[in-house]
Chemist: 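Got a structure here, written out as structure tokens. Questions coming.
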Amino acid sequence: MLYNFKEIEEKWQRFWQENSIFKAKHSPEKKKFYCLEMFPYPSGKIHMGHVRNYTIGDVYSRYQRQKGYEVLHPMGFDAFGQPAENAAIKNKTKPDDWTHKCIEWMKVELKKMGFSYDWERELSTCDSSYYKWNQWIFLKMFERGLAYKKASGVNWCPSCSTTLANEEVIEGECWRCHSPVEQKELEQWYLKITEYKERLLEDLKQLDKWPPRVIAMQSNWIGKSQGTEIYFRLKDSDKVITVFTTRADTIFGATYVVLAPEHPLVKEIIRGRPQEKEALTFIERVSQESKISRVKEDVKKEGVWTGAYCINPVNREVILVWIADYVLMEYGTGAIMAVPAHDQRDFLFTKEHNLPMRIVIKSPGHQVTRSPEEMREAYEGDGLQVNSGEFDGLANQEAKIKIAQWMEKEGMGKIVTHWRLRDWLISRQRYWGTPIPIVYCPKCGIVPVPYEALPVELPEDAPFTGEGGSPLGKVKEFVDTVCPKCQEKARRETDTMATFFDSSWYFLRFCSPQDENNPFDVKEAKYWMPVDQYIGGIEHAILHLLYSRFFTKFFQDLGMIDFHEPFKSLLTQGMVLKDGEVMSKSRGNIVDPDSIIQKYGADTLRLFILFAAPPETELEWDDRGIEGAFKFLNRLWRIQDNLKEKADLQVYRALHKAIKKVTADIEEFKFNTAIAGLMELVNAIYQSGADKEVFSQLVVLISPIAPHFSEELWQGLGHSESITRAPWPRADESLLTEENITIVIQINGKHRGTIVVSKDIAEEELKQRCLNEPGIKKWIEDKPAKKIIVVPGKLVNIVI
RNA sequence: GGGCAAGUGGUGGAAUGGCAUACACGACAGACUUAAAAUCUGUUGGCUGCAAGGUCGUGAGGGUUCGACUCCCUCCUUGCCCACCA
């Protein structure tokens, strides 16, 4: 007979809700545990990725609760964003209605999985009670000069008709719709995340419970590099071109200088020269090109001569000034010194345009660097300096430092630290987001909305079509306002905030989600924060985690919290695949969690998804595997019908072995082997039977994984309290040590047999026993043992 | 081009210096059954052997070690992230 999962799961979900079993209480006498999974975008349906993410978090939360911690395990919705606008256009509804409907559907599905959330703390970022505090945070940043407005070339997605952050441009394409991204000049709001770059980099060292690859990704993104700025004075002018290089050792080989087409000096340099027209045409063409072609094609490097010359400060040589598309304004100073002999990009450009080249570093043995004519590619390796004045003969790594110091002393340049991290562009020309709380007054200029006037609410209706400009700009009653300073007529900012703003501090809001006076209650945050365990997808390794760390440091500077990192420990779970590919709508290989729940129940789904692979690796979906998980639960279920008065000692041993293994494995998120341990215990019980005590303990061990199932069995065993209150079992070490142990015998490292001996056997006696073992003697014959290695309790290796 | 993972039976995976393949899926066989399903019990890396056993075997090659899936070096393959980054 199969267990009735449908009835049982509904019954216990109702019980948990009615008795507020998972309510998190601020209990100063108890140690807390804050377990958080990345909150979802409410698309309406949960997918297997959610199931995996939230099952991992749920097992861990339930386990910590049974270990005696006061657990905070909240859930909410990252509810602003573009899909709601698209859906609204398609279905002729309001984004607000669509989003709230989706949240309701999604909650039903999450509850069906039996996740142990404290639903009283639920929040949605699209509610004004939440986004009011986005505006509050923005104003605090504005006051401190951390939110500022700047006109600049921005990444523009023509299809979404909105700006994109650098982080949202993937290989020149929009991260959302994959359209080629264009450049556009706009007035935009930025957050000065660069103000925190040192701390964001430095504090990575303390995150010892984060995956090393995430640390590496963040560190690369912040991108600190040491280098030198070098000043090239224009010939017959006092203008100076500043270039950035990490290879000061190659300065004597700089044979020309290249500017980015957008470089501010370009127009001035070419003015009135014969080359002006050609150069302008070139600049025009490059600016028309989307970033995609400038970045993707690494073959053609195009450029033109400006007609101007400048002077290499180290050797007074007069060299050409060029413009080329492969030099980017966004990086460094927007200008480079070209060292064709020792930089591959410069080398290719030089060959293309027949420019001069000089070797200044000799490769060992000189094979590669005999002469410029013979070189097939740039030599980027180490070697000895040549053609470098007084630095000739030095190893280039040493020369790099000496030359930089010398240039700094002589005023030819400056040693600088360069960062890759840019300020964060948060303006979006979208409706469904947090309005930026700013008013433009003809008299007073940019005026922040006063705190007491928050929230600036989103108007219910806006004519958004998905095309052109900010939809809020078309809502007259929203735009028209009075200046908070002078009470004259003024207009509101019509851009909204990027949704990453919303998710950069939601973990703090969960500490006191109903607080009406502050973004979060300082005392509550002091108790619950930081998050002890954070779980989510690797795709958020850079953006979301970096922004959250930035906000946390900002709150620390406001004096609202006394820690500087939000997430103590981080787990990044792997993707769910079907037939070796990521599950996605376009591939049509989606397995709907709800259909699995219908067929096998949530406990089976939870069990399978944990058993099929370790959390951090990819998981291959397998229909037969889910069948196996279901069979196992039924096999365990049947034990209750055949309980003995007293189980054998070996079953007790098996139980305590399982307790030890399951506990250790859950601590390390090795759920797959924890379940294997439970299966071994069940197999042992099928060999010689269980009694009530053994079975009870087994049910507690599996309760974080299959909670409904365990509650039902627990009640059947006569317990009146919920199993979520049952303390986690402790392994009895005395039952784990055996009287007799099996020792492996090796000869020259090869496995040749085993021997069973008392666990207290003396080393000498053990050696003799092994040498005299009949199966071993034939291998030794009369050869003397050169050496005998004994690993206590495990093995003996006889070397002959 | 740079960085980080990973590569083990028919399949998912286990073992992080000490019996390679735990646990499961699949397959095969037996018990129960009129029969099937379900359930229970076995067997299940390759080669060789009637058997006991032997021998090979963790992407390839080398090294360290009494002993290597595990550590080191070189290479190959796959995945992920970053990238005209000066």
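Just so we're on the same page: letters track the sequence lines, and every chain starts at 1.
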Chemist: Check whether any side-chain N or O of A:Arg420 sits under 4.0 Å from OP1 or OP2 of B:C82, and answer yes or no.
Modeler: no
Chemist: For RNA chain B, what string of dots and brackets results from 5' to 3' when Watson-Crick and G-U pairs need both distances under 3.5 Å, crossing pairs get [ ], and pairs with another strand get |?
Modeler: (((((((..(((.....[....)))((((((.......))))))((((....))))..(((((..]....))))))))))))....
Chemist: Could you write nucleotides 27-32 of chain B as a row of B, S and -, 5' to 3', where a protein heavy atom under 4.0 Å of any base atom gives B, of only sugar-phosphate atoms gives S, and otherwise -?
Modeler: ------
Chemist: With sequence neighbours excluded, tell me which residues meet salt bridge (charged side-chain N to carboxylate O under 4.0 Å, His left out) with A:Asp648.
Modeler: A:Lys644
Chemist: Just the atom pairs and distances: protein N or O near nucleotides 4-9 of chain B's N or O, under 3.5 Å.
Modeler:
none

Chemist: Report the residues that fulfil ring pair (Phe, Tyr, Trp, His ring centres under 6.0 Å) with A:His418, sequence neighbours left out, ordered by chain and then residue number.
Modeler: A:Phe244, A:Tyr331
Chemist: Given the C1' atoms of B:G7 and B:G13, what is the spacing between them in whole Å?
Modeler: 13 Å
Chemist: Going by the rule side chain to side chain contact (heavy atoms under 4.5 Å, CB included), which residues pair with A:Glu539 if we only count those two or more places apart in sequence or in a different chain?
Modeler: none
Chemist: State which residues pass side chain to side chain donor-acceptor pair (under 3.5 Å) with A:Asn748; sequence neighbours excluded, sorted by chain then number.
Modeler: none
Chemist: Kindly state whether the ring of A:Tyr600 and the ring of A:Phe5 have centres lying under 6.0 angstrom apart.
Modeler: no
Chemist: Show the distances under 3.5 angstrom between N or O atoms of the protein and N or O atoms of nucleotides 41-46 of chain B.
Modeler:
residue, atom, partner, partner atom, Å
B:U41, OP2, A:Arg635, NH1, 3.4
B:G42, OP1, A:Gln687, NE2, 3.2

Chemist: Which residue lies toward the 5' end of RNA chain B, A:Leu619 or A:His751, if each is placed at its nearest nucleotide?
Modeler: A:Leu619
Chemist: If I take atom CG in residue A:Asp641 and atom C1' in nucleotide B:C40, what distance separates them, rounded to the nearest angstrom?
Modeler: 15 Å
Chemist: Considering residues, nucleotides and ligands other than A:Lys197, do more than 12 of their heavy atoms fall under 6.0 Å from its NZ?
Modeler: yes
Chemist: Can you see whether A:Asn683 engages A:Arg635 through a side-chain donor-acceptor pair at a distance of less than 3.5 angstrom?
Modeler: yes
Chemist: Within the 3.5 Å criterion, strictly below it, is a donor on A:Glu229 or A:Thr242 matched to an acceptor on the partner's side chain?
Modeler: no
Chemist: I'd like to know whether the aromatic ring centres of A:Trp322 and A:His353 sit less than 6.0 Å apart in this structure.
Modeler: yes
Chemist: Syn or anti for B:G30, please, going by whether the chi angle lies within 90° of 0.
Modeler: anti
Chemist: Under 4.0 Å between a side-chain N or O of A:Lys631 and OP1 or OP2 of B:C40?
Modeler: no
Chemist: Going by the rule side chain to side chain contact (heavy atoms under 4.5 Å, CB included), which residues pair with A:Lys670 if we only count those two or more places apart in sequence or in a different chain?
Modeler: A:Asp665, A:Glu668, A:Asn672, A:Thr673
Chemist: The criterion is salt bridge (charged side-chain N to carboxylate O under 4.0 Å, His left out); which residues satisfy it with A:Lys205, sequence neighbours excluded?
Modeler: A:Glu202
Chemist: Side chain to side chain donor-acceptor pair (under 3.5 Å) with A:Thr255: which residues, sequence neighbours excluded?
Modeler: none
Chemist: Might you list the N or O atoms of the protein lying below 3.5 Å from N or O atoms in nucleotides 54-56 of chain B, with each pair's distance?
Modeler:
residue, atom, partner, partner atom, Å
B:U55, OP2, A:Arg752, NH1, 3.0

